[in-house]
Amino acid sequence: MVVVMKPNVAQEDIEKLAAELEQLNLKVSITEGHGCSILGLIGDTTAVDMGKITINEHVERVMRVSEPYKKANRKFHPDDTVITVGNAKIGGGNFGVIAGPCSVESEEQMIEVALRVKAAGASMLRGGAFKPRTSPYAFQGMGEVGLDLLLLAKEASGLPIVTELMSAKYIDLFEEKVDVVQIGARNMQNFDLLKEVGKMSKPILLKRGLSNTYEEWIMSAEYIMSEGNDNVILCERGIRTFETYTRNTLDVSAIPCMKRMSHLPIIVDPSHSGGTSWLVESLSMAGIAAGCDGLIVEVHNDPAHAKCDGQQCLTPHQFESLMDKTGKLVDLMGKHIVK
Ligand code: PEP
Ligand code: MN
């Protein structure tokens, strides 16, 4: 249930009403809407008498929210959420580009890629230290050593780092070392992990599961937010369809649909969507034109010898050209790249 207050109601009157509603065993989240405050009621509202709330002199209207997601719902929070990471911002007209290799492989590789993507205008650096691989015999990532190489690259370039967390046992390490914690497609419905990252202070980049619906995806964001972490960035990374020519199918509709359903920012991963480097530019442009708030792009200094996903990595030179086109289209969309 959502309670929309009249404009310019005193803070103490809002808090008084919130306290009364809390007496009904509900959690109340207060957000600023378009010129007025909005109280989002979370919990069992079936027995709540809407009429009694409506007669409060400071209340404009009361609405039932039928969707199972509350904190992630745009009805609870009409304005776009803006996520700030260092100097970078994503959401609400701010566009962010996260770039870097699929996996961290060496100090030389990370520093070279970090400096090149920074010079081309990237906002953050990506690189997997813990890799979710289909085969247990494939390269699993450098683990904790990889996190330290990411930190060296951060120091050299000034770019905040984004990397994937697969197990709750590394939460403290990630809390200490990482700027944005990625939850990969394969863990989108690992509910215990979602609850744990919900207790972290770092923003969470939540990738869409391989075959998940919009509602399932938002419910995963809700798991994180229900534990107190409201800084969630959604990432459309392509879904499983009957088509096998591309690695996955970029679901362009996800961008306007998720924006309608939720206030959370959404970025596009053109690399895992298409699965080949030549598709990255077209899919990026499609995502930007559909209204996304950023991109996460795989870039490698030597794609032919990458330990993971070389076929879909851009060279630093190709990334420069992508940034050139990205800048123009982002501008046309009335947004700006913040780095
Ligand atoms: C990744 O970004 O490194 C990755 C493994 O992506 P996804 O979880 O989308 O497959
Ligand atoms: Mn990859």
Side-chain angles (χ1 to χ4, degrees), residues 96-105 109-110 113 117 122 124-136 138-143 146-147 149-150 153 161-167 170 174 178-190 193-194 197 203-212 216-217 220-221 224 232-241 246-251 254-255 258 266-277 279-280 283-284 287 292 294-315 318-319:
V97 181
I98 304 165
C102 179
S103 58
V104 178
E105 296 167 13
Q109 170 229 26
M110 280 316 303
V113 174
V117 299
M124 289 183 238
L125 178 68
R126 65 152 287 153
F130 297 87
K131 294 300 304 173
R133 303 305 300 277
T134 302
S135 166
F139 175 58
Q140 302 288 304
M142 295 181 78
L147 287 188
L149 297 185
L150 279 166
I161 52 178
V162 183
T163 193
E164 178 165 353
L165 174 70
M166 293 204 296
S167 163
Y170 295 115
F174 273 58
V178 169
D179 297 298
V180 175
V181 178
Q182 179 173 323
I183 296 296
R186 289 153 194 82
N187 273 317
M188 190 205 85
Q189 286 191 312
N190 183 340
L193 186 60
L194 298 177
V197 298
I204 310 300
L205 175 60
L206 179 65
K207 293 191 125 190
R208 182 180 182 183
L210 275 65
S211 299
N212 286 108
E216 286 164 346
W217 188 11
S220 291
I224 299 169
V232 179
I233 305 166
L234 302 167
C235 175
E236 162 61 36
R237 45 78 73 203
I239 49 169
R240 283 262 165 102
T241 64
T246 52
R247 183 174 179 180
N248 291 291
T249 298
L250 176 69
D251 178 10
I255 301 151
M258 292 299 275
I266 177 166
I267 67 169
V268 161
D269 176 343
S271 311
H272 292 89
S273 297
T276 41
S277 57
L279 265 170
V280 169
L283 299 182
S284 301
C292 76
L295 299 172
I296 177 164
V297 184
E298 287 190 341
V299 180
H300 197 288
N301 54 335
D302 183 10
H305 296 102
K307 288 198 171 159
C308 187
D309 286 350
Q311 75 292 344
Q312 69 194 31
C313 287
L314 298 186
T315 61
Q318 289 168 328
F319 180 69

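Every number for a ligand or one of its atoms is a count from 1 in the order of the listing.
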**Q** Answer yes when Asp309 and Arg247 have at least one side-chain N-carboxylate O distance shorter than 4.0 Å, and no when they do not.
**A**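 Yes, charged N to carboxylate O under 4.0 Å.
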**Q** Is it true that a side-chain atom of Asp251 and a backbone atom of Glu236 form a donor plus acceptor pair closer than 3.5 Å?
**A**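 No, because the side chain of Asp251 does not come within donor-acceptor range (under 3.5 Å) of the backbone of Glu236.
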**Q** Below 3.5 Å, N or O to N or O, backbone or side chain included: is there any such pair between Asp269 and ligand 1?
**A**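 Among all N and O atoms of Asp269, none is under 3.5 Å from an N or O of ligand 1.
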**Q** How about His272: does one of its N, O or S atoms come closer than 2.8 Å to the Mn ion (ligand 2)?
**A**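 Yes.
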**Q** For Gly127, is there any backbone N or O sitting under 3.5 Å from a side-chain donor or acceptor partner on Thr163?
**A**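 Between the backbone of Gly127 and the side chain of Thr163 there is a qualifying donor-acceptor contact (under 3.5 Å).
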**Q** For atom 8 (O) of ligand 1, what's the nearest protein heavy atom and its distance?
**A**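 Protein heavy atom at minimum distance: Ala185 N, 2.8 Å.
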**Q** Does Met166 reach the side chain of Asn187, with side-chain heavy atoms less than 4.5 Å apart?
**A**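 Of all side-chain heavy-atom pairs linking Asn187 with Met166, at least one is under 4.5 Å.
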**Q** I'd like to know if Glu298 and Arg126 make a salt bridge, using a cut-off of under 4.0 Å between side-chain N and carboxylate O.
**A**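 Looking at Glu298 and Arg126, the cut-off is met.
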**Q** My understanding is that we take every heavy atom of each candidate and find the minimum distance to atom 2 (O) of ligand 1. Doing that for Arg133, Lys207, Glu164, which one comes out nearest?
**A**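 Result: the heavy atom closest to atom 2 (O) of ligand 1 is in Lys207.
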**Q** Show me which atoms of ligand 1 lie under 4.0 Å from any heavy atom of Arg237.
**A**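 So the answer, numbered in order with elements, is 7 (P), 9 (O), 10 (O).
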**Q** Would you give the angle at the Mn ion (ligand 2) between Cys102 atom SG and Glu298 atom OE2, to the nearest 10°?
**A**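 Once rounded, the angle between the two atoms at the Mn ion (ligand 2) is 90°.
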**Q** Have His300 and Glu105 got a donor and an acceptor in their side chains that come within less than 3.5 Å?
**A**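 There is such a pair (donor and acceptor under 3.5 Å, judged by atom type) between the side chains of His300 and Glu105.
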**Q** What atoms of ligand 1 come closer than 4.0 angstrom to any heavy atom of Gly184?
**A**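 Once the distances to Gly184 are compared, the set is 8 (O).
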**Q** Quick one: which residue pairs count as a salt bridge (Lys or Arg N to Asp or Glu O under 4.0 Å) with a foot in residues 181-190, not counting sequence neighbours?
**A**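 Passing the test, one end in residues 181-190: no pairs.
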**Q** Would you please determine whether Lys131 falls within less than 4.0 Å of ligand 1 on a heavy-atom basis?
**A**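 Heavy atoms of Lys131 do come under 4.0 Å of ligand 1.
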**Q** Between Ser273 and Gly238, what is the shortest heavy-atom contact and its length?
**A**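 The answer is OG-N, 3.3 Å.
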**Q** Under 4.0 Å from a heavy atom of Arg186: give me the atoms of ligand 1 that qualify, with their elements.
**A**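 Taking each heavy atom of Arg186 in turn, ligand 1 has 7 (P), 8 (O), 10 (O) under 4.0 Å.
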**Q** Ligand 1 and Cys102, any nitrogen or oxygen pair closer than 3.5 angstrom?
**A**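 N/O-N/O distance under 3.5 Å: no.
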**Q** In the protein, which heavy atom is nearest to atom 4 (C) of ligand 1, and how far is it?
**A**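 Of every protein heavy atom, His272 NE2, 3.6 Å lies nearest to atom 4 (C) of ligand 1.
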**Q** With the Mn ion (ligand 2) as the reference point, give the N/O/S atom of Asp309 that is nearest.
**A**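 Nearest N/O/S atom: OD2.
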